[in-house]
Amino acid sequence: MSKRKLPELPSVLLENSMYVSEAKIYPREIAGTFQRWRVRAAWILMGLFYAMPWLSWGGEQLLLFDLPNRQFHVLGLNFWPQDFIFLAAILLTLALTLFFFTTLAGRLWCGYACPQTVWTEVFLALERIAEGNRGQRIKLDQSAWSWQKLRRKGFKQLLWISFASWTGITFVGFFSPIRSLVPDLWQLRASGWEVFWVIFYGLATYGNAGYLREQVCKYMCAYARFQSVMFDANTLIISYDQARGETRGPGKQRAALGDCVDCTLCVQVCPTGIDIRDGLQVDCIACGACIDACDQVMTKVGSPLGLIRYSTENTMAGKKAQILRPRVFAYGLLLLALLAAIGTGLVLRKPIYLDVLRDRNALYRVLAGGAIENAYTLKITNKANRDRTFTISLQAPAGLALVAAQQHVSVPARSTFTHPMTVHARAPQIDTAAKFAPIAPSNPTRIAIRFSVSATDDARVMRALDSAFFTPIKDAP
């Protein structure tokens with residue numbers, strides 16, 4: 001049987017393949033105004049990340065997401081699952097902040113605050129410590145393996161792995177108290193989940209910041225794909241002034257050429273390896289490195305600064321630009337309103353939560369002698385950082401009485417106390433037609449009642465919750 005020969009792919013398909021192997025990018029180190037701001041932002045953000053788990057407030061970790069106990073400790077405040085509305089509001093605030101700054105000045109988040117950008121810069125700095133500047137790194141990668149190359153590459157890996165490991169430990173330290181996590185890891189007493197997440201986040205940091213780098217921004221980041229929806233002709237973006245720079249070219253005779261000397265420094269310093277002279281691209285993270293590089297070259301050749309600069313599409317086209325426009329004001333006002341709402345909610349938030357659960361086995365029980373009983377379970381959550389004593393009371397029509405083992409209960413700090421209790425009634429004494437504000441009128445078989453819990457040391461710390469008392473009585477006495 002003869003083998004069937006497969007047809008060859010057309011050359012055009014080979015040239016336009018969906019996958020192109022990425023060449024390693026060697027960003028050149030550059031100094032300048034925007035790079036100084038990036039370094040400051042990185043120091044601040046990295047400092048907050050690595051220091052926050054070690055700081056304490058009122059004897060507890062400053063920032064701790066205690067998932068097993070379902071508590072979030074944030075700057076001395078304790079949040080519970082019942083406070084989910086604050087988490088939703090904070091996430092909405094972050095989204096509006098992103099929209100606001102993107103509409104105003106493009107991808108500032110990507111260039112200055114994105115964790116991928118910040119950690120990549122740190123890994124690049126460690127790479128420069130081990131392997132040298134851009135030229136030395138390129139030469140080292142192109143050279144044959146030797147003891148010198150192995151020593152430098154090994155030192156770089158040691159720095160990367162150490163930093164990534166400490167990053168993984170710090171990340172887990174936001175969910176498990178870090179002061180006990182570190183010695184537990186050292187003494188091999190940490191739980192399996194703690195070890196798993198330390199390794200997982202450490203490897204993610206090592207892979208993303210050490211190897212993937214700009215590919216995360218190009219292919220994995222969703223923000224890079226929908227950012228253009230928030231751009232318009234008045235958004236500040238990094239722009240190359242083609243009217244002034246073209247025709248580009250080197251040489252001393254500049255009369256027939258534009259200001260661009262085609263030194264390609266703007267490409268060499270770009271962390272994603274793009275040429276900003278080709279126009280705005282999805283790969284641009286608005287870090288400003290090309291602006292700093294171009295300004296240095298313009299200073300040397302005696303040309304005005306700003307060949308590459310933050311500008312708007314309208315400005316580059318010779319039209320009038322409007323930076324502060326309705327969209328910016330709308331995002332800004334919504335952001336301020338949301339921040340005010342969060343602040344008001346935090347001020348008015350009471351450090352107590354009450355939940356009332358009825359007995360699911362029976363609506364009511366008829367006791368010997370004709371008394372009617374309903375069983376309840378009160379769950380009192382003390383969100384405060386100190387123990388408190390609460391008084392339990394009942395608002396109900398005449399004839400209903402609260403029966404509890406104790407009406408004054410002590411609840412430890414940041415804990416939930418479960419307290420069973422019953423409500424009794426003598427059938428002839430129930431006033432089924434009673435009304436009291438703000439409880440709604442009762443019907444013959446379902447009587448509205450209200451449980452109240454208040455702190456003995458501060459009457460303002462109280463919660464009330466409506467419930468129902470069920471009785472077989474059909475007619476009012």
Side-chain angles (χ1 to χ4, degrees), residues 25-52 97-98 100-102 104-137 159 163 167 205 209-210 213-214 216-217 223-224 227 235-241 245 259-261 263-277 280-281 283-312 315 323:
I25 295 176
Y26 300 86
R28 180 188 292 272
E29 189 176 7
I30 190 69
T33 302
F34 294 101
Q35 294 311 293
R36 283 194 294 270
W37 279 107
R38 291 186 73 207
V39 171
R40 291 167 185 163
W43 274 107
I44 293 173
L45 294 172
M46 299 292 281
L48 289 174
F49 177 80
Y50 290 102
M52 194 73 74
T97 302
L98 185 65
F100 174 78
F101 284 106
T102 301
L104 186 65
R107 296 177 67 177
L108 290 179
W109 162 261
C110 294
Y112 296 88
C114 175
Q116 175 65 21
T117 300
V118 173
W119 262 277
T120 296
E121 288 299 317
V122 174
F123 271 66
L124 279 171
L126 296 176
E127 188 174 70
R128 284 192 289 267
I129 292 174
E131 298 183 0
N133 58 32
R134 179 176 184 267
Q136 292 171 329
R137 298 199 304 274
L159 293 177
F163 188 79
T167 301
T205 304
R213 294 182 180 176
E214 75 286 344
V216 174
C217 304
Y223 178 50
Q227 61 160 335
T235 299
L236 285 170
I237 57 176
I238 295 180
S239 307
Y240 167 67
D241 192 342
D259 285 344
C260 179
V261 298
C263 62
T264 70
L265 274 180
C266 57
V267 180
Q268 296 177 34
V269 300
C270 180
T272 60
I274 67 169
D275 190 341
I276 193 62
R277 296 172 298 179
L280 181 65
Q281 300 154 63
D283 301 343
C284 177
I285 61 172
C287 64
C290 55
I291 299 178
D292 289 333
C294 187
D295 283 350
Q296 290 182 11
V297 174
M298 292 299 102
T299 300
K300 291 180 180 179
V301 300
S303 298
L305 305 180
L307 178 60
I308 300 176
R309 62 184 184 272
Y310 269 103
S311 186
T312 68
T315 300
I323 305 299

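Shown here are the ring-ring contact (aromatic ring centres under 6.0 Å, His included) partners of Tyr310, two or more places apart in sequence or in another chain: Phe34. Listed by chain and residue number, nothing satisfies the side-chain hydrogen bond (donor to acceptor under 3.5 Å, both in side chains) test with Ser239 (two or more places apart in sequence, or in another chain). Take Thr117 and apply the side-chain contact (heavy atoms from CB on, under 4.5 Å) test, not counting sequence neighbours, and it matches Arg38, Cys114, Ile285. For Glu127, the salt bridge (Lys or Arg N to Asp or Glu O under 4.0 Å) partners at least two apart in sequence or on another chain are Lys24, Arg137, Lys156, Arg213.
Using a 4.5 Å cut-off on side-chain heavy atoms (C-beta onward), Cys290 and Ile238 make contact. Between Tyr223 and Cys110 the shortest side-chain heavy-atom distance falls below 4.5 Å. Put simply, the side chain of Thr167 reaches to within 4.5 Å of the side chain of Phe49, judged on heavy atoms.
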Query raised in the report: Given the rule in the side-chain contact (heavy atoms from CB on, under 4.5 Å) test, do Leu45 and Tyr112 qualify, once you have shown the distances and angles that lead to the verdict?
Result: CA-CA 10 Å; Leu45 294 172; Tyr112 296 88; over 6 Å; no
Report task. Go through the steps for Tyr240 and Cys260 under the test side-chain contact (heavy atoms from CB on, under 4.5 Å), then give the verdict. Result -> CA-CA 10 Å; Tyr240 167 67; Cys260 179; 3.5 Å; yes
Requested in this report: Start with the C-alpha distance between Thr205 and Phe123, add both sets of side-chain angles, then the distance that settles side-chain contact (heavy atoms from CB on, under 4.5 Å), and finish with yes or no.
Outcome: CA-CA 10 Å; Thr205 304; Phe123 271 66; 4.0 Å; yes
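Closest of all the heavy-atom pairs between Val122 and Met46 is CG2-CE, 3.7 Å. Heavy-atom minimum distance, Thr235 versus Thr102: CG2-O, 3.4 Å.
Counting non-hydrogen atoms of neighbouring residues, nucleotides and ligands closer than 6.0 angstrom, the CZ atom of Phe101 reaches no more than 12 such neighbours.
No donor-acceptor pair under 3.5 Å is formed between the side chain of Gln35 and the backbone N or O of Glu29.
Cation-pi check for Arg40 over Trp37 is met; the charged atom lies under 6.0 angstrom from the ring centroid and within 45 degrees of its normal.
Atoms CZ and CD1, from Arg309 and Ile237 in turn, are 11.0 Å apart once rounded to the nearest 0.5 Å.
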Donor-acceptor list for residues 265-274 side chains, cut-off 3.5 Å, not counting sequence neighbours:
residue : atom : partner : partner atom : Å
Gln268  : OE1  : Arg28   : NE           : 2.8
Gln268  : OE1  : Arg28   : NH2          : 2.5
Gln268  : NE2  : Thr264  : OG1          : 3.0
Thr272  : OG1  : Asp283  : O            : 3.2

With a 3.5 Å cut-off and sequence neighbours excluded, list the donor-acceptor pairs that the side chains of residues 293-308 form with protein atoms.
residue : atom : partner : partner atom : Å
Asp295  : OD1  : Gly306  : N            : 3.3
Gln296  : NE2  : Ala31   : O            : 2.5
Thr299  : OG1  : Asp295  : O            : 2.8

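Within the 6.0 Å centre-distance limit, the rings of Phe163 and Tyr50 are counted as a close aromatic pair.
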